[in-house]
> 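Would you mind keeping the following structure in view while I ask a few things?
Predicted model, so just to flag it, every value in this text is computed and none were measured.
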Amino acid sequence: MGRGSYALARVAVIVRAPAGWLCWAGLLSAGIGVLVPGFTGRRIGVLAGAALFLIVAGAVFAARRKRYAALARGASRAGRSVFLQDRAVTLRNWRRARRWWLLLAFLAAAGSSFAVPAAAGMALVGAGAGLWAKALWLGGLERRAGSLLWVRTEWAQASPAAEPVRGYMSTGLAAGDAAPGGGRRRTGRVPAGTAVSAARQ
């Protein structure tokens with residue numbers, strides 16, 4: 001990139017990046033869990049898992065929402081020298097950087113089924129569902145504001161709401177290849193990976 005230029009990734013895409021993996025890994029580990037009786041028995045394990053699903057999903061959805069909202073309100077218009085990162089690139093980079101943690105979470109959830117069948121797996125599903133719901137909530141903010149939220153890639157290594165994140169950038173709703181909320185765009189769009197000047201409409 002030239003001087004003064006930098007890459008932007010969609011906030012909602014980063015938030016929902018682990019959601020699908022956590023849900024599938026959680027369902028798989030929970031399925032493994034119900035095949036073994038465990039220390040507590042299947043019935044108690046499944047009931048505990050249902051409770052954990054609700055608790056974890058609610059906690060993940062609520063976490064840092066005030067900071068997300070404050071950053072969204074203070075978003076500044078993206079300049080002409082920035083580049084929009086493709087949705088697929090954002091997802092791949094996030095998962096590649098954390099693949100061992102995700103694998104460890106799956107193994108831990110599956111292993112814990114020998115004590116409390118399915119419970120940890122359902123907690124993983126709850127985490128994924130909470131992140132997915134938060135991405136949809138961000139999509140609602142974007143639609144109401146009429147603009148998409150972006151963050152500099154080097155600021156959001158841990159989270160798009162982490163302390164190093166100094167602020168969000170905004171573009172028109174047509175920019176990039178992800179719809180409000182971070183899902184795949186199904187209609188015409190301004191291509192990602194290009195300068196944002198065309199996306200200011």
Side-chain angles (χ1 to χ4, degrees), residues 9-73 87 90-91 94-145 148-149 151 156-163 165 168 178-184:
R10 279 289 303 285
V11 175
V13 172
I14 298 173
V15 168
R16 71 187 290 160
W21 195 98
L22 288 170
C23 286
W24 283 111
L27 288 172
L28 180 58
S29 60
I32 294 172
V34 298
L35 297 178
V36 296
F39 180 75
T40 62
R42 295 186 183 92
R43 182 174 178 275
I44 292 177
V46 171
L47 290 175
L52 282 174
F53 170 85
L54 295 174
I55 293 169
V56 172
V60 170
F61 175 69
R64 290 185 169 180
R65 281 211 308 167
K66 288 184 178 179
R67 174 148 172 82
Y68 279 103
L71 289 168
R73 287 193 299 270
R87 178 179 184 272
T90 302
L91 292 173
W94 194 99
R95 290 167 180 165
R96 181 178 296 168
R98 295 161 179 83
R99 60 188 181 276
W100 296 115
W101 288 107
L102 295 172
L103 178 60
L104 182 61
F106 166 71
L107 293 175
S112 70
S113 291
F114 290 95
V116 187
M122 293 305 295
L124 285 184
V125 178
L131 289 171
W132 182 76
K134 183 179 288 184
L136 293 183
W137 171 74
L138 285 168
L141 293 183
E142 291 176 324
R143 290 187 182 90
R144 288 191 293 274
L148 301 179
L149 298 172
V151 62
Q157 296 301 311
S159 163
E163 289 304 318
V165 176
Y168 290 160
R184 188 178 293 106

> Just verifying a value: how many Å separate Leu131 CG and Ile14 CD1, rounded to the nearest 0.5 Å?
12.5 Å

> Distance from Arg16 atom CZ to Leu136 atom CG, nearest 0.5 Å?
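Between atom CZ of Arg16 and atom CG of Leu136 there are 6.5 Å.
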
> Does Arg95 use its side chain to pair, donor to acceptor, with the backbone of Ala17 at less than 3.5 Å?
yes

> If only atom types and distance count, is the side chain of Arg99 paired as donor or acceptor with the main-chain N or O of Arg96 below 3.5 Å?
yes

> Treating Lys134 as the side-chain partner and Arg64 as the backbone partner, does any N or O pair qualify as donor plus acceptor under 3.5 Å?
no

> Pick out which of Val13, Leu148, Val15 makes a side chain to side chain contact (heavy atoms under 4.5 Å, CB included) with Leu138.
Val15

> Tell me, do Val46 and Pro117 make a side-chain contact under 4.5 Å, heavy atoms counted?
no

> Do Tyr68 and Leu149 make a side-chain contact, defined as non-hydrogen atoms from C-beta onward lying under 4.5 Å apart?
no

> Measuring from Arg65:CZ to Arg67:CZ, what's the distance to the nearest 0.5 Å?
16.0 Å

> Measure the spacing between CZ of Arg98 and CG of Leu104 and express it to the nearest 0.5 Å.
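If I round to the nearest 0.5 Å, the distance is 15.0 Å.
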
> Looking only at non-hydrogen atoms, find the nearest pair between Ala48 and Val116 and report the distance.
CB-CG1, 4.4 Å

> What pair of heavy atoms forms the shortest contact from Leu52 to Ala123, and how long is it?
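Between these two residues, the closest heavy atoms are CB-CB, 4.2 Å.
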
> What distance separates Ile32 CD1 from Phe106 CZ, expressed to the nearest 0.5 Å?
4.5 Å

> CG/Leu102 to CG/Leu22 distance, rounded to the nearest 0.5 angstrom?
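The distance works out to 6.0 Å.
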
> Do you know which two heavy atoms are closest between Ala12 and Ala135, and how far apart they sit?
O-CB, 4.0 Å

> Specify the closest pair of heavy atoms between Ala127 and Val56, including all atoms of both residues, with the distance to one decimal.
N-CG1, 3.5 Å

> Donor-acceptor pair, distance only, cut-off 3.5 Å: does the side chain of Arg87 make one with the backbone of Ala178?
no

> Which label fits Phe61 and Trp137: parallel for a plane angle under 30°, tilted from 30 to 60°, or perpendicular past 60°?
perpendicular

> Between Ala30 and Ala118, what is the shortest heavy-atom contact and its length?
O-CB, 3.8 Å

> What is the minimum heavy-atom distance between Ala19 and Gly128, and which atoms define it?
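So the two residues come closest at CB-O, 3.4 Å.
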
